[in-house]
Amino acid sequence: MTTKKIIFQLHKYLGLATGLVVFIVAITGCCWAFRDEIESLYDDYKTVTPQNKPILTPTKAKQLAQEIFPNNTVHGTVFKKADDAIEVIFYDAEPEFYQSVFLNPYSGEVIQVDDHFSGFFAFILKGHMRLWLPKTIGEQVVGVSILIFILIIISGFIIWLPKKRKNLKQRLKFDWKKTTRWKRKNFDLHTVIGFYICSLALILAFTGSMMSYNWLKYVVYKSTGGEKEARFIIPENQSENIANGNTIPMDFLIVKLQKENPEAKGFELHYPQTADESIYVEVSNSKDLYYDSDFRFFDQNTLEEIETPSIYGKYENAKIAEKIQRMNYDIHIGAIGGIAGKIIAFLVSLLTATLPVTGVLLWYGRNYKKKKVLESIEV
């Protein structure tokens with residue numbers, strides 16, 4: 001067998017083995033692309049009437065929310081503008097629990113409770129990340145299948161390359177006539193669409209794999225010149241515990257940050273889990289983007305800012321290697337390019353979902369044809 005025939009066999013059998021997984025991941029991916037825009041159509045409960053009075057402190061917001069879920073862990077509290085509700089996020093890994101309590105920032109009234117594991121987009125995300133299977137099984141199946149899909153894309157491009165340059169034009173467009181049979185049309189759908197989206201599909205698959213595998217994230221970071229810790233690190237306090245009666249320094253932090261960063265879109269404060277852990281605040285600098293967020297850490301007792309050895313610090317201090325890591329999710333969902341980027345991600349995901357379908361039809365057509373020929377010979 002020639003090298004190209006070996007690659008073809010590899011492409012075929014890997015495609016058959018992972019086709020269903022790729023189809024599900026691609027379809028759910030294109031459904032996820034406009035989640036923020038769709039959810040914004042019915043999230044009026046997240047806004048309130050601004051009042052000329054102080055907002056809830058982080059401690060008070062946590063206390064009020066925990067009256068709803070006293071046995072669960074508060075992951076963090078999100079403070080935005082004067083007309084936005086405060087969101088207290090609860091998360092536990094085992095058993096899985098992920099809900100948000102929205103509070104009126106002035107009165108403390110509970111406006112709404114959202115279960116992030118229910119609803120259409122929760123269903124879509126579970127399918128995208130783990131095929132609606134148990135987490136430990138499904139995530140491994142998806143992760144391995146998408147790594148294999150990267151090989152399928154590369155092998156498909158090699159197969160697509162014509163032997164003669166004069167045949168290149170034929171591979172670049174649909175040249176259908178009234179007499180063109182459906183098998184030829186299906187072949188063109190698979191090869192022409194595959195060629196035009198292969199580079200973008202490769203980007204989506206690779207960025208998805210980086211989220212699945214820390215070793216891949218580490219390899220990419222170090223190979224692009226990264227020198228910091230390629231993981232999230234919350235540094236410890238740098239001062240001794242100071243008793244200040246009923247005064248809790250953390251309760252002054254959000255107001256302080258809002259004054260210092262008036263253009264920021266939001267502040268997600270994470271409560272220290274121990275007396276030695278610093279306060280972690282994620283400052284969102286752009287709407288619906290994550291890569292340019294500032295990850296800032298403050299001493300529990302003095303509110304002095306502490307630097308982290310991790311790649312997740314202030315965006316202004318990030319080098320190229322750190323920026324690549326930070327941009328990974330925004331690239332994966334297309335948000336890095338605004339609404340145009342999301343449209344591209346949607347279309348690429350949708351067209352990617354057609355490739356396993358047309359590929360299986362190609363395989364079935366060839367095998368079915370061979371079977372019919374053999375049966376006719378025997379008769």
- Query: Does any N or O in the side chain of S278 come within less than 3.5 Å of the main-chain N or O of P235, such that one atom is a donor and the other an acceptor?
  - Reply: yes
- Message: Could you check whether Y98 and F90 have their ring centres less than 6.0 Å apart?
- Response: no
- Message: Would you say that L204 contacts S349 through its side chain, given a criterion of any heavy-atom pair below 4.5 Å between the two side chains?
- Response: yes
- Sort out for me which residue in F295, Y312, F297 forms a side chain to side chain contact (heavy atoms under 4.5 Å, CB included) with I234. F297
- Please confirm whether K185 makes a cation-pi placement over F174, using NZ or CZ under 6.0 Å from the six-membered ring centre and within 45° of the ring normal. no
- Task: Answer yes or no: is there a donor N or O on one side and an acceptor on the other, between the side chain of S310 and the main chain of R231, under 3.5 Å?
- Result: yes
- No-hydrogen, no-angle side-chain donor-acceptor test under 3.5 Å, N261 and E263: no
- Side-chain contact test, heavy atoms from C-beta onward, threshold under 4.5 Å: evaluate it for L355 versus V22 and give yes or no. no
- Under 4.5 Å between any side-chain heavy atoms of K265 and N285, yes or no? no
- Message: Test of understanding: clusters of I, L, V, M, F, W, Y form through side-chain heavy atoms closer than 4.5 Å, transitively. Do V21 and F123 belong to the same one?
- Response: yes
- Item | Note, V192 side chain near K173 side chain (heavy atom, < 4.5 Å) | no
- Donor-acceptor under 3.5 Å (W32 side chain, I27 main chain): no
- Message: Could you see if I124 belongs to whatever hydrophobic cluster contains V141? Use Ile, Leu, Val, Met, Phe, Trp, Tyr and a side-chain cutoff under 4.5 Å.
- Response: yes
- Task: Establish, from distance only, whether the side-chain atoms of N301 and S239 form a donor-acceptor pair under 3.5 Å.
- Result: yes
- Message: Within the 4.5 Å heavy-atom criterion, are F267 and S284 side-chain neighbours or not?
- Response: no
- Does the pair E322/R326 count as a salt bridge with the N-to-O cut at 4.0 Å? no
- Query: Does Y329 use its side chain to pair, donor to acceptor, with the backbone of A335 at less than 3.5 Å?
  - Reply: no
- Message: Are V78 and V283 linked, directly or through intermediate hydrophobic residues, by side-chain heavy-atom contacts shorter than 4.5 Å (ILVMFWY only)?
- Response: no
- Task: Determine whether T352 and F149 make a side-chain contact, defined as any pair of heavy atoms from C-beta on separated by less than 4.5 Å.
- Result: yes
- Does the pair F97 and F69 meet the rule for a ring pair (Phe, Tyr, Trp, His ring centres under 6.0 Å), with working shown? CA-CA 10 Å; F97 185 89; F69 300 116; 5.1 Å; yes
- Query: Do you see a donor-acceptor pair shorter than 3.5 Å between the side chains of H11 and Q9?
  - Reply: no
- Which is it for E304 and K256 under the salt bridge (charged side-chain N to carboxylate O under 4.0 Å, His left out) test, yes or no, and what are the steps along the way? CA-CA 12 Å; E304 289 293 323; K256 175 178 179 289; over 6 Å; no
- Passes side-chain hydrogen bond (donor to acceptor under 3.5 Å, both in side chains), T358 versus N186? Steps please. CA-CA 6 Å; T358 53; N186 183 68; 4.9 Å; no
- Message: Side chains of V110 and V101, heavy atoms from C-beta outward: is any pair under 4.5 Å?
- Response: yes
- Message: Would the distance check show the side chain of T354 and the main-chain N or O of L350 forming a donor-acceptor pair, the cut-off being under 3.5 Å?
- Response: no
- Query: Considering residues, nucleotides and ligands other than Y271, do more than 12 of their heavy atoms fall under 6.0 Å from its OH?
  - Reply: yes
- Message: Tell me whether K46 at atom NZ has more than 12 heavy atoms from other residues, nucleotides or ligands lying less than 6.0 Å away.
- Response: yes
- Any donor and acceptor pair, going by atom type alone, linking the side chain of D299 with main-chain N or O of Q238 inside 3.5 Å? yes
- Residues K314 and E305 bridged, charged N to O under 4.0 Å: yes
- Whether over 12 other heavy atoms sit under 6.0 Å from F232 CZ: yes
- Message: Does either side chain, that of N328 or that of Y290, offer a donor lying less than 3.5 Å from an acceptor on the other one?
- Response: no
- Query: E87 and S100: side-chain donor and acceptor closer than 3.5 Å?
  - Reply: yes
- Message: Please check this pair: side chain of K81 against backbone of A264, looking for a donor-acceptor N/O pair closer than 3.5 Å.
- Response: yes
- Any Lys/Arg nitrogen of D251 or K60 sitting under 4.0 Å from an Asp/Glu carboxylate oxygen of the other? no
- Query: Parallel, tilted or perpendicular: which describes the rings of F195 and W160, with under 30° parallel and over 60° perpendicular?
  - Reply: parallel
- Query: Should the heavy atoms of other residues, nucleotides or ligands under 6.0 Å from CE of M129 be counted, would the total exceed 12?
  - Reply: no
- Looking only at side chains, do E282 and Y280 share a donor and an acceptor under 3.5 Å apart? yes
- Spell out, as yes or no, whether a donor-acceptor pair under 3.5 Å connects the side chain of N104 to the backbone of S107. yes
- Task: Check whether more than 12 heavy atoms from other residues, nucleotides or ligands sit under 6.0 Å from atom NZ of K4, and answer yes or no.
- Result: yes
- K222 bridged to E227 by N-O distance under 4.0 Å: no
- Item | E277 (side chain) donor-acceptor with Q273 (main chain) under 3.5 angstrom | yes
- Item | I89 side chain reached by E268 side chain, heavy atoms, under 4.5 Å | yes
- Would a distance-only check, ignoring hydrogens and angles, find a side-chain to backbone donor-acceptor pair under 3.5 Å from D83 to V48? no
